[in-house]
**Q** 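Here's a structure for you.
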Amino acid sequence: MGKVLDYPLLTKHGSALLLIANDQRIRIRDIAASLEISERTAQGIVADLVENKYLERHHEGRRNVYELKANRLLGLPIDHDVKVQSFFESLATFQSKALETHSDLTFDQSGIATIVVALDGTMQHVNQAACQLIGQPMNAIIGRQWTDYTHPDDVANWQVVIAKILGGEDGYLEQQRFVRPDGTFVWTSAYVSIVRGEDGQPLHYVAHLPDITDQKNIEEHRDFQGLHDPLTGVANRTLLTSRLEHAQGRAQRQGIWLGVISLNLDHFKLINSSLGHDFGDELLRQVAQRLLGVIRPSDSVARIGADEFIIVCDDSTGSETASLARLVIETIRAPFLHMGHQILVTASLGVVMATAESTPEELLRDAEVGVARGKEQDGNQIEYFDESLRWKSERRAILMVGLRRALEQNEFTVYYQPIVDLATGYMASAEALLRWNHPELGSVNPAEFIPYAEEIGLIDEIGAWVVEQACAQLALWHADGHDMNVAVNVSVLQMMAADIVQVTEKTLERTKFSGEGLCFELTESVLMDDVNYFGQTFTDLKSLGIRLSIDDFGTGFSSLGRLKRYPIDELKVDQGFVKGLGTDPLDTALVEAIVAMANALKLSVTAEGIENESQLAHLRAMGCQRGQGYFLARPMPAAAINQLVESRHRWELV
Ligand code: C2E
Ligand code: MG
Ligand code: MG
C-alpha cells in the first residue's frame, strides 16, 4: 500500500486532499481515511483527478490503485486548461501558506521547479528543482531579477504576465525559456500566480515552471520536418497550403491582392541525369537560396515537387507579382557552378492572381497551367494565367477523366481520308483518323486528346482498338476483291510497348487479315535513336506484312542517312511544307528535295494537306506519287469511304 504523504492539495471540491508522492500507489480507501471523508466522496475526487490525468489508475489484483506522477503534468495540454490551472492555483496557495509557516520542506521537495518572485521582479525563494532547471546554485538565483536568466526573446513575456495578473487574472500561463550557463535553454510552461495578504494586498508572485523542453524539441522537430522540404529547407506543400489559405483569407478580408508564382526548371531531368543527382540536389538548394534572396519579407517560398517551386506573394498587386517573376527569371539565368564549369539553367514561370473564389488548390493548379504553357513554348518564360487558360485546364481535366469511359462506351469512331495515286487518280489507300464524340464537348480532335491518352497510359489500348477497326475494314474490302490499303497512326509510346508486335499479330488473327495492306504511320522520333532502339520491332512488324511510313516528315531532326538503314517504305511530306508550295520558295525547295530523295532511296512518298489545285499541280510536276488533303477529300466515316471504294472512284487530276 502506498503511503499518504504530506502535500495537501485543495481541489475544486473544496476538500483537502493529500497528494501522493511520485511513483507511489494508493487506494481510494486510504484517501478517504486520511482525509476523513466518505469513500464515495473520495471516489468523486479521484475520478476527477484521473479524468484530468493528475492521477493514473492501475489494477492490482481486482483493486484499483492510483498513482501521481509529477511528470504527467508535462504531457497535459496545459494551455488554457482551466482544470490544470486550478491545480496550480491550489499548489500555489498551499505553497505560499507553507512559506508563511516556514515549512520549507514541502516547497523544496516539490518536483516542479518553483520560484517566489517579489513584486519588483527579484527572485526571493527557489526550490531545488528550479536550481536544476536553471543550472545555477540557489545563491546565484536569489536576489537576481527574474529576467536575468530569461531567454532574451521571452523577456517581454514577463511584462505581459505581470500585466495580466495585476489586471485581475488569478494566474497566467505562458511558455517561457530560461538560459542555462552553457548557453542552452530550457522550455518551461510557466504558471505565475499572485499571492495576496489577509488585507488583499499583493505580497509576491509564485511561478511554477514544469520543464517541457523535451516535449518542445519533439514538437519543433516534428513541426519543422512535417512542414519543410528536407532538401532545401523551404516550406513543403502542407505548409504552403496553410500559408495560402491564410493569405487568401487575409486578402479577402482586407481587400488586398495575392499573387502566386509557380516555377519549374527547364530540362531538370536532363541536368539531373547528365550532371548527376548530387549536382541536381545542389542545384535545387541553390535555386531555393536564390529565390529566398529575391523575394520580399512578406513573400514565401515552397518546394512541392522535384523541381517545382511556389512563391506566395502576399499583399502583392498583379504588376508587383509580375516584376518579382521577372526578377526570378533573371536570378535563375545567372550561371550555376559545377566543377569549375558554368551551367546555364532556365525556368518556366506561371503567374496567377487570386480571385475572391479561388481555393489554394485552384491557385496552384492555375499557376501550374501557366508553367505548362511556358514549357510548350520552349521554357525560359513567364505565362500569366487568365480565363482562357483556366478553361483550357478544366477541359484537360474533363478529357483525361473521359478517355477510359470513351473506350468502354464506344464514343470513338474511325474516319478514313483517301490517299490518291497522283498518276492514275485512283484511291491508293486511306488514313485511319480517330474521332472522339464526347457527350458534352462534342467532337474532339485527336491532336488534343492523344497526348492525354499517352499521359494516362491508355494509348496502347486505344491504338489496338484503331488497328482492330482498320483490319476489320480491310478484311471486308479484300473479301470483296478491292485492293485497298489502310494507314494507321502509331505513336512512339505505342511503339515502345513491349507487346506491340504480339498485340498486332493477335488482332490480325482475330480479324482474319494477313497484314498485307496495313501501314503504320510513325513519327520521325523513331529514327532519332542511335542505338536503333526500334530495330527488332521494325523487323517483326515487317515480317507480319505491315508497311512502315514516316509521318510529318521534315519536321523532326532525323538524319537522312538513317532512312536508308531502317526498313522504312514511305515518307509523308508534312502538310506545313505543302502549304507553302508555289508561294514560299523555301517550302517549295524543301518539298522538291524530299520527293527527289525519296525517289532516290526507292521510298514511296505521299504529300499531305493538299488544299488547292496549284499545290496538287506542283506535286505532280515534282513526281510525288501520292496525295492526301481537303482538296481531294476530307476524312469521312467508314460508310462513305466504302462507297468510294465500291464505286472505284477516280479523281480527275488536271
Ligand atoms: P496526321 O497523322 O498528320 O494526320 C493528318 C491530319 O491532317 C488529320 O488531322 C487530318 O484531318 C488533317 N488533314 C488532312 N488533310 C488536310 C488538309 O488538307 N488541310 C488541313 N489543314 N488538315 C488536313 P486529325 O484527324 O485531326 O489528326 C491529327 C493527328 O492526330 C494526326 O496527324 C495523327 O498524328 C494523330 N492521330 C489521329 N488518329 C490517330 C490514332 O488513331 N492514333 C494515334 N496515335 N494518333 C492519331
Ligand atoms: Mg498520319
Ligand atoms: Mg501527318
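Just follow the structure's listing: the first ligand is 1, and inside any ligand the first atom is 1.
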**Q** Quiz question: by atom type and distance under 3.5 Å, do the side chains of Asn264 and Ser348 form a donor-acceptor pair?
**A**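 Not at all, the side chains of Asn264 and Ser348 share no donor-acceptor pair under 3.5 Å.
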**Q** Determine yes or no for a side-chain-to-main-chain donor-acceptor pair under 3.5 angstrom, with Glu524 supplying the side chain and Gly554 the backbone.
**A**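 Yes.
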**Q** Counting N and O atoms only, with roles assigned by atom type, does the side chain of Arg547 sit under 3.5 Å from a partner on the main chain of Asp569, one being a donor and the other an acceptor?
**A**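 Here the side-chain-to-backbone pair does not exist.
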**Q** Taking the N/O/S atoms of Asp552 one by one, which is nearest to the Mg ion (ligand 3)?
**A**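 Atom name of the closest N, O or S in Asp552: OD1.
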**Q** Please tell me if the side chains of Arg285 and Leu231 come closer than 4.5 Å, counting only heavy atoms from C-beta onward.
**A**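 The answer is yes; the side chains approach within 4.5 Å.
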**Q** I need the atoms of ligand 1 closer than 4.0 Å to a non-hydrogen atom of Asn445, numbered in the order shown.
**A** 26 (O)
**Q** Return the residue, atom name and 0.1 Å-rounded distance of the protein heavy atom closest to atom 15 (N) of ligand 1.
**A**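 It is Gln417 NE2, 3.0 Å.
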**Q** Could you tell me, atom by atom, which parts of ligand 1 come under 4.0 Å of a heavy atom of Ser491?
**A** 44 (N)
**Q** Are any of the protein's heavy atoms under 4.0 angstrom from atom 9 (O) of ligand 1, yes or no?
**A** no
**Q** Using a strict cut-off of less than 4.0 Å between a Lys/Arg side-chain nitrogen and an Asp/Glu carboxylate oxygen, indicate whether Glu408 and Arg405 qualify as a salt bridge.
**A**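 Salt bridge absent between Glu408 and Arg405.
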**Q** Can you sort out which atoms of ligand 1 are near Val466, meaning under 4.0 Å from one of its heavy atoms?
**A**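 Under 4.0 Å from Val466, ligand 1 has these atoms: 41 (O).
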**Q** Against ligand 1, does Arg435 come closer than 4.0 Å with any heavy atom?
**A** yes
**Q** Taking 2.8 Å as the cut-off, does Asn489 contribute an N, O or S atom near the Mg ion (ligand 2), distance below it?
**A** yes
**Q** Quiz question: by atom type and distance under 3.5 Å, do the side chains of Thr507 and Thr504 form a donor-acceptor pair?
**A**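 The answer is no; no qualifying pair exists.
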**Q** Got Leu291 and Val234 here, is their nearest side-chain heavy-atom distance under 4.5 Å?
**A** no
**Q** Below 2.8 Å, can you find an N, O or S atom of Glu431 next to the Mg ion (ligand 2)?
**A**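 A backbone or side-chain N, O or S atom of Glu431 is under 2.8 Å from the Mg ion (ligand 2).
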**Q** For residues Gln286 and Glu282, is any side-chain donor paired with an opposing acceptor at under 3.5 Å?
**A**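 Distance-only check passes for Gln286 and Glu282.
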**Q** Heavy-atom contacts with Gly609 under 4.0 Å: which atoms of ligand 1 show up? List them by number with element.
**A** 16 (C), 17 (C), 18 (O)
**Q** Could you check whether any side-chain heavy atom of Leu407 comes within less than 4.5 Å of a side-chain heavy atom of Leu403, counting everything from C-beta outward?
**A**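 They are not in side-chain contact.
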**Q** Would atom 4 (O) of ligand 1 count as contacted, meaning some protein heavy atom under 4.0 Å?
**A**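 Yes, there is one.
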**Q** For Phe336 and Ile332, work out which heavy atoms get closest and say how close.
**A**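 Result for this residue pair: CE1-O, 3.4 Å.
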**Q** Quick one: look up the protein heavy atom nearest atom 24 (P) of ligand 1 and list residue, atom name and how far away it is.
**A** Pro446 CG, 3.8 Å
**Q** I need the nearest protein heavy-atom contact for atom 11 (O) of ligand 1: residue, atom name and distance, please.
**A** Pro635 CG, 3.4 Å
**Q** Can you tell me which residue and heavy atom of the protein come closest to atom 38 (N) of ligand 1, and the distance to 0.1 Å?
**A** Leu434 N, 3.2 Å
**Q** As an exercise, state the distance from CG of Asp281 to CG of Asn272, rounded to the nearest 0.5 Å.
**A** 7.0 Å
**Q** Has the side chain of Arg396 got a donor or acceptor atom that lies under 3.5 Å from a matching backbone atom of Val369?
**A** no
**Q** Measure from the side-chain N and O atoms of Asp229 to the backbone N and O of Ala302, and report whether any donor-acceptor pair falls under 3.5 Å.
**A**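 No: the side chain of Asp229 does not pair with the backbone of Ala302.
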**Q** Identify, for atom 13 (N) of ligand 1, the protein heavy atom at the shortest distance, and state residue, atom and that distance.
**A**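 Going by distance alone, atom 13 (N) of ligand 1 is nearest to Tyr630 CE2, 3.6 Å.
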**Q** Should the proximity of Val488 to ligand 1, defined as any heavy atom under 4.0 Å, be assigned to the side chain, the backbone, both, or neither?
**A**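 For Val488, there is no contact with ligand 1 at all, from either part.
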**Q** Is Arg634 near ligand 1, meaning one of its heavy atoms is under 4.0 Å from it?
**A** no
**Q** Do any of the N/O/S atoms of Glu608, backbone or side chain, fall under 2.8 Å from the Mg ion (ligand 3)?
**A**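 Within the cut-off used here (under 2.8 Å), Glu608 does place an N, O or S atom near the Mg ion (ligand 3).
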**Q** So which N/O/S atom does Glu521 have closest to the Mg ion (ligand 2)?
**A** OE1
**Q** Is it the side chain, the backbone, both or neither of Lys572 that has a heavy atom closer than 4.0 Å to ligand 1?
**A**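 Near ligand 1, Lys572 shows nothing, with every heavy atom at 4.0 Å or more.
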**Q** Identify which of Ile610, Leu493, Asp551, Leu632 has a heavy atom lying nearest to atom 1 (P) of ligand 1.
**A**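 Closest candidate by heavy-atom distance is Asp551.
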**Q** Looking at atom 42 (N) of ligand 1, what's its closest protein heavy atom, distance included?
**A**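 Residue, atom and distance for the closest contact: Asn489 O, 3.2 Å.
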**Q** Among all protein non-hydrogen atoms, which one is nearest to atom 6 (C) of ligand 1, and what is the separation to 0.1 Å?
**A**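 The closest one turns out to be Gln575 NE2, 3.6 Å.
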**Q** Let me check your reading of the structure: within less than 2.8 Å of the Mg ion (ligand 3), is there an N/O/S atom from Asp551?
**A** yes
**Q** Which ligand 1 atoms, with their elements, are less than 4.0 angstrom from a heavy-atom of Gln494?
**A** 44 (N)
**Q** Got the closest protein heavy atom to atom 21 (N) of ligand 1, with its distance?
**A** Glu611 OE2, 3.0 Å
**Q** State, yes or no, whether a side-chain contact exists between Phe553 and Met597 at a heavy-atom distance under 4.5 Å.
**A**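 Yes, at least one pair of side-chain atoms sits under 4.5 Å.
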**Q** Side-chain contact, heavy-atom cut-off 4.5 Å: Arg648 with His482?
**A** yes
